[in-house]
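For reference, the structure discussed in these notes is given below.
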Amino acid sequence: MVPILAGMLMPLCEVFGSTAPDVSWTLPTGEELTSHAVFTNAFTLLLRLWRFDHPPVEHVMMGDATPVGSQLSPEYLLLVRNSKVSDFGKSPKDHLKMKRLSKNLNLTLELIFMDSFPKLKGWYRQHNKCIASTLSGLVQGTTVHQIVDALLNMMFRKVSRSGQSSGSSSPSTSGADDVPLTLNVPAWDILEATPYVLDAALTACAHGRLSPRELATGLKDLADFLPATLATIVSYFSAEVTRGIWKPVFMNGSDWPSPAANLSNIEQQIKKIIAATGVDVPSLTTGSSSPAMLPLPLAALVSLTITYKLDKGSERFLVLIGPALSSLAEGCPWPCMPIIASLWAQKVKRWNDFFVFSASRTVFHHSSDAVVQLLRSCFTSTLGLSPSTIYSNGGVGALLGHGFGSHFSEGMSPVSPGILYLRVHRSVRDIMFMTEEIVSLLMSSVRDIAGSREKPKNTKFGLRYGQVSLGAAMARVKLAASLGASLVWLSGGLSLVQSLIKETLPSWFISAHSADQDAGEPAGIVAMLGGYALAYFVVLCGTFAWGVDSASPASKRRPKVLGSHLEFLASAVDGKISLGCDYATWRAYVVRFVSLMVGCTQKWILDVNIDVLKRLSYGLIRWNEEELAMALLGLGGVRATTAAAELIIEI
């Protein structure tokens with residue numbers, strides 16, 4: 001539905017954005033609409049459809065294919081829309097739906113491309129250009145230059161100072177009376193001039209020719225004149241923050257708003273929220289020697305947002321710039337987000353919980369050690385290994401919790417580690433280190449599980465080694481493996497799963513590992529459970545990535561990755577590769593991994609080279625696993641018939 005809606009909004013933006021506001025329409029309610037008002041409504045809604053609130057910093061995220069921030073671009077929405085339209089109308093159900101929708105909406109089944117909207121395409125090109133590099137190219141005497149001067153005069157008509165700044169016009173008072181006539185132009189022309197206006201205003205403020213209060217007031221006047229300029233304000237300031245070329249400003253309460261009145265309270269609430277993870281919160285305490293500071297563009301943006309009144313008319317604009325402000329601040333150095341949370345919590349107390357939670361997430365954005373500690377908390381809480389009484393029972397309830405907020409009887413409550421990780425994992429810049437950490441935490445959890453089992457007991461039937469507790473330990477091992485697989489898939493998707501199977505696991509098996517298990521626990525038990533855990537972990541990761549059959553498009557990548565892994569297994573079983581891990585762990589892994597493929601993912605076996613299957617089967621026979629070896633070859637299809645017959649003769 002989103003791509004279809006985007007395809008309907010783009011023509012509105014193109015037409016009304018190209019019309020001067022000298023024509024108006026009166027609604028039945030008496031409200032008067034201009035082309036600027038119609039354009040603003042359509043344009044802001046279009047922006048929200050393609051995740052405009054995410055700042056340029058998110059475009060560097062790692063992932064399976066394109067960056068997260070660019071997946072919902074206007075071109076992408078049109079491609080999806082055209083794909084859906086091409087498949088639409090081929091069934092009686094589609095005809096009925098089309099007939100019903102056409103009563104209220106003017107729908108077209110024709111294909112639409114960005115070239116159909118030259119003004120929108122031009123703005124989007126300029127938008128990306130502003131993100132990629134600093135501004136240049138404003139020519140004196142052109143129409144754009146005249147609009148820039150007119151906008152600056154409108155915004156800063158009360159400012160008596162003037163001067164050149166950053167190659168653009170600068171705030172002055174000349175021509176203020178001509179503002180209405182000069183700015184009686186289409187909205188697209190104003191949006192084209194807006195980046196140069198912002199560049200001039202920000203530079204003037206940085207050089208002391210414009211006070212922070214005058215800057216915030218001028219930005220508000222610009223946004224009130226054409227609210228669609230909020231999009232350019234957000235994108236320009238976000239890009240300038242990520243470039244890091246502006247000096248920070250002191251949020252001292254005189255030039256810029258001060259967060260001091262609420263900052264210590266924010267710090268205590270953040271500590272409560274992440275208390276269960278064991279992560280230390282950097283201090284927010286500020287004094288005369290270290291006052292709160294923000295990058296100049298970020299300070300300007302937050303000052304603009306807090307000038308809005310919380311009424312129905314302003315809500316749709318705050319919905320556009322609010323998430324962008326939050327996303328931008330989360331990517332800035334600590335403690336930018338807590339400072340903004342403090343400023344907004346002072347303005348709107350009922351939003352306190354939201355801003356405090358957003359600020360608490362940034363603790364993990366700038367520290368890989370904090371992320372690892374959060375992952376460790378996910379394992380200990382899920383498995384019931386945490387010393388905290390809140391998570392002592394383990395399970396999904398302990399992982400995901402039951403909500404948070406200051407409405408609890410004892411004030412702000414700790415947030416469960418699973419919920420925290422769901423909110424921070426997209427901000428982890430280097431996801432490739434995650435697989436090694438998750439494997440390490442999985443094996444550490446296995447040792448903890450084995451160490452918490454019941455010790456041998458003397459009964460009237462003789463010495464028995466806690467058979468019931470061994471079964472319970474296996475259940476917890478499977479739970480740990482499923483959690484680990486979920487975290488890998490959530491963190492990096494298909495690319496991270498394939499990196500795990502092709503690179504991380506072979507490296508782990510080849511490397512030596514210290515045996516630091518409980519002294520009272522037999523090493524063989526720990527090693528065996530570790531092998532089982534890895535087998536369940538890998539099969540679940542593969543299932544998430546490829547599925548159990550060949551139905552998903554991702555399954556086309558399975559033969560290469562799975563074939564490489566089984567080639568490693570067969571070579572190691574043949575003795576061609578020296579292993580550094582415990583032999584019991586290795587054997588338990590190979591046997592359980594093959595058993596899971598035979599029992600749960602039989603289509604995978606068809607993707608593997610028959611020679612690899614044969615070598616692996618012979619290795620299983622040497623381990624006295626004849627039935628498993630025969631089952632593996634038996635599922636290899638017709639191509640494995642000869643190899644199976646040879647194996648039977650061999651046995």
Side-chain angles (χ1 to χ4, degrees), residues 439 442-443 446 474 477 481 498 500-513 515 523-543 546 548 558-651:
V439 169
L442 174 61
M443 300 309 291
V446 169
M474 277 299 301
V477 164
Q498 294 182 163
L500 165 74
I501 296 175
K502 289 181 64 177
E503 302 169 12
T504 305
L505 274 178
S507 176
W508 189 91
F509 283 121
I510 292 172
S511 304
H513 305 280
I525 296 294
V526 178
M528 178 193 69
L529 290 176
Y532 288 165
L534 286 174
Y536 285 113
F537 170 62
V538 173
V539 170
L540 283 171
C541 283
T543 303
W546 308 315
V548 296
R558 185 173 61 213
K560 183 178 180 180
V561 179
L562 184 62
S564 172
H565 187 60
L566 288 185
E567 171 65 33
F568 171 78
L569 298 188
S571 298
V573 169
D574 290 342
K576 298 177 181 178
I577 297 177
S578 298
L579 301 174
C581 67
D582 191 290
Y583 176 76
T585 299
W586 168 248
R587 176 166 177 164
Y589 172 75
V590 173
V591 172
R592 186 51 58 98
F593 181 77
V594 175
S595 299
L596 289 172
M597 279 205 306
V598 168
C600 305
T601 60
Q602 299 177 359
K603 292 290 181 67
W604 291 12
I605 300 174
L606 297 174
D607 295 334
V608 183
N609 182 278
I610 189 62
D611 180 62
V612 174
L613 291 179
K614 184 177 178 180
R615 289 162 53 201
L616 192 54
S617 297
Y618 274 97
L620 290 171
I621 289 175
R622 290 194 294 272
W623 287 350
N624 298 318
E625 296 286 348
E626 292 87 355
E627 290 186 11
L628 184 58
M630 287 300 303
L632 179 62
L633 278 180
L635 292 171
V638 177
R639 63 198 176 108
T641 304
T642 302
E646 293 175 354
L647 188 62
I648 293 173
I649 295 172
E650 186 80 18
I651 295 175

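Keep in mind that what you see is a predicted model, and the values were worked out from it rather than measured.
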Mind running side-chain contact (heavy atoms from CB on, under 4.5 Å) on His565 and Gln498 for me, showing each step along the way?
-> CA-CA 10 Å; His565 187 60; Gln498 294 182 163; over 6 Å; no
Could you go step by step and tell me if Phe568 and Phe509 meet the side-chain contact (heavy atoms from CB on, under 4.5 Å) rule?
-> CA-CA 10 Å; Phe568 171 78; Phe509 283 121; 4.0 Å; yes
Please step through side-chain contact (heavy atoms from CB on, under 4.5 Å) for the pair Asp574 and Tyr618, ending with a clear verdict.
-> CA-CA 9 Å; Asp574 290 342; Tyr618 274 97; 6.0 Å; no
Candidate pair Lys560 and Asp607, rule side-chain contact (heavy atoms from CB on, under 4.5 Å), full reasoning = CA-CA 8 Å; Lys560 183 178 180 180; Asp607 295 334; over 6 Å; no
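Put simply, the side chain of Ser511 gets close to the backbone of Ser507: a donor and an acceptor are under 3.5 Å apart.
Note on Asp582 versus Arg587: no salt bridge recorded, every NZ/NE/NH1/NH2 to OD/OE distance being 4.0 Å or above.
Exactly one of Leu613, Leu620, Leu616 qualifies for a side-chain contact (heavy atoms from CB on, under 4.5 Å) with Leu633. That residue is Leu613.
When the side-chain contact (heavy atoms from CB on, under 4.5 Å) test is applied to Leu540, the partners found at least two apart in sequence or on another chain are Ser482, Ala485.
Rounding to the nearest 0.5 angstrom, the gap separating the CZ atom in Phe593 from the CZ atom in Phe537 is 12.0 Å. The distance from the OH atom of Tyr532 to the OG atom of Ser595 is 8.5 Å, given to the nearest 0.5 Å.
In summary, the side chains of Glu567 and Ser571 do present a donor paired with an acceptor at a separation below 3.5 Å, with no hydrogens or angles considered.
Listed here is the closest heavy atom pair of Ala588 and Gly531: CB-CA, 4.0 Å.
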